[in-house]
Amino acid sequence: MSTTTIRRFLTSMMGSLLLAVGLVAGPGILGSAAAGASPYCGITWGSLDKSWQHYSSGTVTNVRSGRHACFDRLVVDVAGPVAGYNVRYVDVVRAQGSGFEVPLRGGAQLQVVVHAPAYNEHGNSTYWPADRSELVNVWGYDTFRQVAFAGTFEGQTSLGLGVRARLPFRVFTLEGPGTSSRVVIDVAHYWQ
C-alpha cells in the first residue's frame with residue numbers, strides 16, 4: 001500500500017470512529033450544553049385558571065415587576081390583609097365595568113383580577129398610574145410584553161398582562177411588610 005492510501009484509510013477510520021463516539025456520547029454532551037443555556041427550574045405550574053375567592057378590606061396601592069432566571073414576576077401591593085384573586089388566560093382582556101377591550105402586546109393575554117379595590121371607603125383613588133397602558137416598564141423581559149390597567153369596580157381591580165406566549169404561571173399571596181400584603185404572579189420563560 002502506498003502512503004497516500006494508508007492516510008486515506010486512517011482518515012476514513014478516524015472519521016468513522018469520531019462519528020460513532022459522537023452518536024453515543026452526543027446526547028449527553030448536547031444535553032449538558034442545552035441545560036447550561038437555560039436553567040432547569042423544575043416548573044410544574046401549568047396554564048389553567050388560578051383563583052382564591054376571598055375579598056379584602058385593603059386597597060391596591062402599587063403594581064411592580066421583576067425579572068428572574070426562570071420567570072418574570074408581577075406584584076400587586078395591597079394596603080391591608082391579603083386579598084383573593086382570579087388569574088386566567090383570555091382571548092381579550094376586558095376593562096372592569098365597561099367591558100371595553102384592553103389592547104395588549106404579546107402572543108397571549110392574562111386577565112389579572114385582584115379582589116381589592118384601587119379606591120378607599122371615600123371613593124378616592126389609592127392607585128393612580130401615570131400611564132394606564134404601561135403600568136411598569138417590561139422592555140427586555142423574557143416573557144412579559146405589557147402590563148395595563150383594566151380598571152377597578154365593585155371591590156375588584158383588574159390588570160391586563162400581555163405575555164410572549166401561553167406559558168405556565170403561578171399565583172400566590174404574601175403577607176407584609178407590616179400590615180400590607182401582595183398578590184404575586186410568576187410567568188415562566190419556557191415550558192419545562
Side-chain angles (χ1 to χ4, degrees), residues 43 45-67 71-174 180-191:
I43 292 174
W45 306 333
S47 64
L48 298 178
D49 301 4
K50 290 155 180 77
S51 64
W52 185 42
Q53 298 303 320
H54 291 277
Y55 282 82
S56 174
S57 59
T59 58
V60 172
T61 59
N62 195 23
V63 176
R64 51 201 169 91
S65 64
R67 298 170 66 185
F71 54 86
D72 291 346
R73 172 169 284 178
L74 186 69
V75 178
V76 180
D77 292 320
V78 178
V82 71
Y85 54 82
N86 184 295
V87 181
R88 61 192 175 102
Y89 279 103
V90 295
D91 293 331
V92 174
V93 170
R94 300 278 177 195
Q96 289 277 350
S98 70
F100 291 133
E101 179 179 347
V102 177
L104 293 168
R105 293 183 300 277
Q109 300 180 16
L110 280 166
Q111 177 102 36
V112 177
V113 178
V114 176
H115 298 171
Y119 52 84
N120 63 21
E121 66 275 2
H122 304 293
N124 299 321
S125 293
T126 57
Y127 174 61
W128 47 94
D131 184 348
R132 294 170 65 96
S133 64
E134 301 286 342
L135 299 184
V136 292
N137 181 0
V138 295
W139 189 86
Y141 280 45
D142 290 305
T143 300
F144 289 177
R145 295 296 179 259
Q146 184 179 1
V147 183
F149 191 67
T152 183
F153 185 70
E154 295 184 344
Q156 299 183 88
T157 300
S158 187
L159 311 172
L161 176 56
V163 295
R164 181 173 46 81
R166 186 179 176 127
L167 293 161
F169 70 97
R170 68 177 173 182
V171 185
F172 58 96
T173 59
L174 295 170
S180 305
S181 60
R182 293 159 282 165
V183 177
V184 180
I185 301 99
D186 293 336
V187 183
H189 295 164
Y190 306 100
W191 283 95

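Note that the coordinates shown come from a computational prediction; the quantities given were computed from them, not determined experimentally.
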Quiz item: Side chain of Gln146, backbone of Arg105: donor and acceptor closer than 3.5 Å?
Solution: yes
Quiz item: Does Gln53 reach the main-chain N or O of Gly84 with its side chain, forming a donor-acceptor pair under 3.5 Å?
Solution: no
Self-check item: Asp131, CG atom: more than 12 neighbouring heavy atoms under 6.0 Å
Solution: yes
Quiz item: Short question: side chain of Asp72, backbone of Phe144 - any donor-acceptor pair under 3.5 Å?
Solution: yes
Quiz item: Does Arg88 CZ have over 12 foreign heavy atoms under 6.0 Å away?
Solution: no
Quiz item: Is any side-chain heavy atom of Phe172 less than 4.5 Å from a side-chain heavy atom of Asp186?
Solution: yes
Practice problem: Check the surroundings of atom CZ in Phe100: do more than 12 heavy atoms from other residues, nucleotides or ligands lie under 6.0 Å from it? | Solution: no
Quiz item: Between Phe149 and Thr157, is any pair of side-chain heavy atoms under 4.5 Å apart?
Solution: yes
Quiz item: Quick check: does any side chain N or O of Gln109 sit under 3.5 Å from a backbone N or O of Val93, one acting as donor and the other as acceptor?
Solution: yes
Quiz item: Between the side chains of Tyr141 and Ser65, does any donor sit under 3.5 Å from an acceptor?
Solution: yes
Practice problem: Give a yes or no answer on whether the side chain of Trp45 reaches the backbone of Val187 with a donor-acceptor pair at less than 3.5 Å. | Solution: no
Exercise. Answer yes or no: is there a donor N or O on one side and an acceptor on the other, between the side chain of Arg182 and the main chain of Val75, under 3.5 Å?
Key: no
Quiz prompt | Residue of the set Val183, Thr152, Thr173 for which side chain to side chain contact (heavy atoms under 4.5 Å, CB included) holds with Val114 | solution = Val183
Exercise. Determine the interplanar angle of the Phe169 and Tyr89 rings, folded into 0 to 90°, and report it as parallel if under 30°, tilted if 30 to 60°, perpendicular if over 60°.
Key: perpendicular
Quiz prompt | Donor-acceptor side-chain pairing of Gln111 and Ser158 below 3.5 angstrom | solution = yes
Quiz prompt | Any donor-acceptor pair under 3.5 Å from Arg94 side chain to Gly99 backbone | solution = yes
Practice problem: Give a yes or no answer on whether the side chain of Ser181 reaches the backbone of Gly80 with a donor-acceptor pair at less than 3.5 Å. | Solution: yes
